[in-house]
2 protein chains.
Amino acid sequence: MARLDNLAKMAPRATGQQVYEDLHGQIVRGELTPGQALSETKVAEHYGLSRTPVREVFWRLGEDGFIRVIPQVGTFVAPINIPAVYDSQFVRETLECRAVADAARAATDPAIGVLRTLLADQTAAMKSRNFATFFALDEAMHRTLMTIAGRPFVWQVITGAKAQLDRVRFLSLGDEEWPSMIMDQHRGIVDCVAAHDPAGAVRIMTAHLRTAFAAIGRIATAHEDFFEGSGTHSDEPE
Amino acid sequence: MARLDNLAKMAPRATGQQVYEDLHGQIVRGELTPGQALSETKVAEHYGLSRTPVREVFWRLGEDGFIRVIPQVGTFVAPINIPAVYDSQFVRETLECRAVADAARAATDPAIGVLRTLLADQTAAMKSRNFATFFALDEAMHRTLMTIAGRPFVWQVITGAKAQLDRVRFLSLGDEEWPSMIMDQHRGIVDCVAAHDPAGAVRIMTAHLRTAFAAIGRIATAHEDFFEGSGTHSDEPE
DNA sequence: CTGAAGCAGCTTGTATCCAAGGATACAAGA
DNA sequence: TCTTGTATCCTTGGATACAAGCTGCTTCAG
């Protein structure tokens with residue numbers, strides 16, 4: 001019976017997972033800026049771990065393109081690579097548009113109910129200007145559409161591909177009249193899926209995905225030092 | 001001037017990279033079979049390394065879906081997950097077909113020359129039944145098409161997505177009259193690209209990618225113990 | 001005053017040690 | 001003979017110690 005006391009550390013790799021999500025979130029949200037130095041030792045101390053699990057986290061972040069590990073020199077938050085962002089857009093648009101057409105054909109009533117619930121939650125999050133929550137709900141809706149299309153595994157491909165894209169998208173949140181436009185598009189997509197209208201769903205999805213993308217030029221200008229090839233290598237510790 | 005003597009270990013992580021490619025290749029080629037146990041210690045000893053770099057390799061292979069690490073139990077070569085293979089096919093077909101259309105529009109004479117060279121090399125490899133070489137050349141051609149389409153970063157997305165697909169494809173090589181069919185399709189694609197015929201290129205590419213995929217049912221039957229949910233968990237060491 | 005050499009402090013890479021948990025073989029008892 | 005408890009060996013997870021290398025500052029020589 002003495003098996004309940006070690007619930008805290010039941011999952012061996014859970015600690016590293018926590019660190020990964022923390023750093024991942026901080027980079028996507030722009031709290032850690034490109035060029036900023038990250039030290040395995042510092043991070044390990046901060047979380048009360050040793051370097052070993054932190055190194056695995058760093059390796060994953062490096063594969064995702066979020067950080068760059070330079071042997072014997074240091075680890076730095078990676079800048080946003082514009083060509084890579086373009087290709088990510090290509091991947092996402094191509095896969096999601098085909099999938100949303102399938103989703104429109106396959107959608108069942110319960111599935112449509114889930115989508116409408118997500119829409120309501122998004123509206124609430126947007127009203128309270130809780131962008132982080134909205135960000136998560138937006139992602140949940142796109143993933144749900146992928147599941148409805150019968151392609152659950154494809155979402156993790158998109159997750160990997162849109163890594164850099166997310167950073168741009170987050171920079172664009174909080175700007176202008178966007179929120180209402182995004183919500184209108186979400187509603188339109190769900191309506192088309194509910195009406196089993198693949199063509200309509202694809203049309204709006206394409207416009208939707210390109211909305212965020214269209215702003216990339218403006219964003220790159222506004223946040224110049226977040227992007228590749230724009231100098232400032234802020235090495236200094238705070 | 002005494003800087004040439006340490007060429008062997010110039011790149012710190014090169015050793016791990018070597019181990020990764022070795023194991024990756026062995027799994028894709030089916031030399032390591034699903035369920036087979038892999039030990040960090042054994043692998044480390046075999047390559048003359050410590051467990052630390054091997055653990056990072058295992059982590060990567062785990063993320064790729066090639067192996068499964070079970071804490072405190074062991075590490076095993078993962079079975080081929082059929083639904084994941086279907087989704088990989090979806091990803092690859094969707095992305096490559098759109099890209100090959102762009103490639104057909106954008107192809108320059110030098111690019112077409114590269115493709116024709118690859119075709120010739122493939123023919124030679126196929127004639128000598130050097131399947132591993134053919135496998136690499138096949139991959140090189142698809143990647144080249146992606147580059148011609150102006151989407152170099154997309155290839156690494158496909159690389160990740162088609163991980164499981166490759167294992168199936170390798171199992172199918174060596175069977176039947178396939179080789180000639182594949183070569184005919186490759187020639188057809190290159191001809192369409194050279195003729196700037198996007199529609200034709202997409203048509204043949206679709207057929208091409210589905211050719212290998214169509215055999216999955218037969219392959220799953222012929223190599224039953226390579227796939228998920230088919231019993232045999234061969235733990236025993238040789 | 002300028003420049004180069006050397007040293008100190010940092011980084012990541014690797015090796016090794018200990019901890020915790022699961023699988024299995026074996027022995028003892030019913 | 002079957003069941004059960006135990007001991008041992010195996011695995012991976014994590015922590016720590018050591019090695020190698022780059023950066024930048026200091027210092028000394030010209």
Side-chain angles (χ1 to χ4, degrees), chain A residues 1-20 23 32 35-63 66-78 233-238, chain B residues 1-20 23 32 35-63 66-78 233-238:
Chain A
M1 258 92 181
R3 203 184 293 174
L4 290 174
D5 49 6
N6 51 357
L7 265 177
K9 56 180 310 181
M10 259 185 66
R13 245 159 176 165
T15 51
Q17 186 64 24
Q18 177 65 30
V19 177
Y20 175 81
L23 292 177
L32 288 172
Q36 191 165 341
L38 250 56
S39 161
E40 293 177 356
T41 311
K42 300 273 182 62
V43 172
E45 281 176 3
H46 180 269
Y47 288 94
L49 298 169
S50 80
R51 278 179 57 209
T52 308
V54 172
R55 273 179 65 89
E56 289 187 352
V57 170
F58 273 36
W59 182 271
R60 287 175 65 186
L61 289 169
E63 279 202 323
F66 284 121
I67 64 177
R68 281 186 191 158
V69 179
I70 305 175
Q72 271 77 36
V73 176
T75 303
F76 307 91
V77 177
H233 194 65
S234 65
D235 246 329
E236 65 279 358
E238 2 8 51
Chain B
M1 276 83 183
R3 204 184 290 174
L4 289 174
D5 49 5
N6 51 357
L7 263 178
K9 56 180 311 182
M10 257 185 66
R13 247 159 174 164
T15 50
Q17 186 64 24
Q18 177 66 29
V19 176
Y20 174 81
L23 294 177
L32 288 172
Q36 191 165 340
L38 250 55
S39 161
E40 293 177 354
T41 311
K42 301 274 182 60
V43 173
E45 280 175 3
H46 181 269
Y47 287 94
L49 298 169
S50 79
R51 275 180 58 212
T52 308
V54 172
R55 283 189 62 181
E56 291 185 351
V57 170
F58 273 36
W59 182 269
R60 287 176 66 187
L61 289 169
E63 279 202 322
F66 284 121
I67 65 177
R68 281 186 191 157
V69 179
I70 304 175
Q72 272 75 36
V73 176
T75 303
F76 308 91
V77 177
H233 194 67
S234 65
D235 247 328
E236 67 279 356
E238 325 61 12

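Reminder, nothing fancy here: chain letters follow the sequence lines and each chain counts from 1. This structure is a prediction, so every number in the text was calculated from the model and none was measured.
A heavy-atom distance below 4.5 Å is not found between the side chains of Phe66(B) and Leu23(B). Between Val54(B) and Tyr47(B), the closest side-chain pair of non-hydrogen atoms is not below 4.5 Å.
Of all non-hydrogen atoms in Arg51(A) and Ala44(A), the two that sit nearest each other are N-CB, 4.0 Å. Between Val57(A) and Tyr20(A) the shortest heavy-atom distance is CG1-CA, 3.7 Å.
Of the listed nucleotides (dG14(D), dT12(D), dT12(C)), dG14(D) has the atom at the smallest distance from the side chain of Thr15(A). Of the candidates dG14(D), dT12(C), dT12(D), dT12(C) carries the atom nearest the Thr75(A) side chain, counting heavy atoms from C-beta on.
Atom pair Phe76(A):CZ and dT11(C):P shows a separation of 10 Å (rounding to whole Å applied). When rounded to the nearest whole Å, the span between CD of Gln72(B) and P of dC9(D) equals 19 Å. Rounded to whole Å, the distance from CD on Glu40(A) to C1' on dT12(C) is 6 Å. The distance from atom OH of Tyr47(B) to atom P of dA15(C) is 15 Å, rounded to the nearest whole Å. We find that CD of Gln17(A) is positioned 12 Å from P of dG14(D), with the value rounded to whole Å. Distance Ile70(B) CD1 to dT11(D) P: 14 Å, rounded to the nearest Å. For the pair Arg68(B) CZ and dT12(D) P, the computed distance is 16 Å after rounding to whole Å. What separates CD of Glu45(B) from P of dC10(D) is a distance of 11 Å, to the nearest Å.
Interatomic distance, CD1 of Ile67(B) versus CG of Leu61(B), reported as 4.5 Å (0.5 Å rounding).
A close approach under 4.0 Å does occur between a side-chain nitrogen or oxygen of Lys42(A) and OP1 or OP2 of dT11(C).
DNA chain D is contacted by Leu49(A), Ser50(A), Arg51(A), Thr52(A), Pro53(A) of residues 49-63 of chain A, taking any non-hydrogen atom closer than 4.0 Å.
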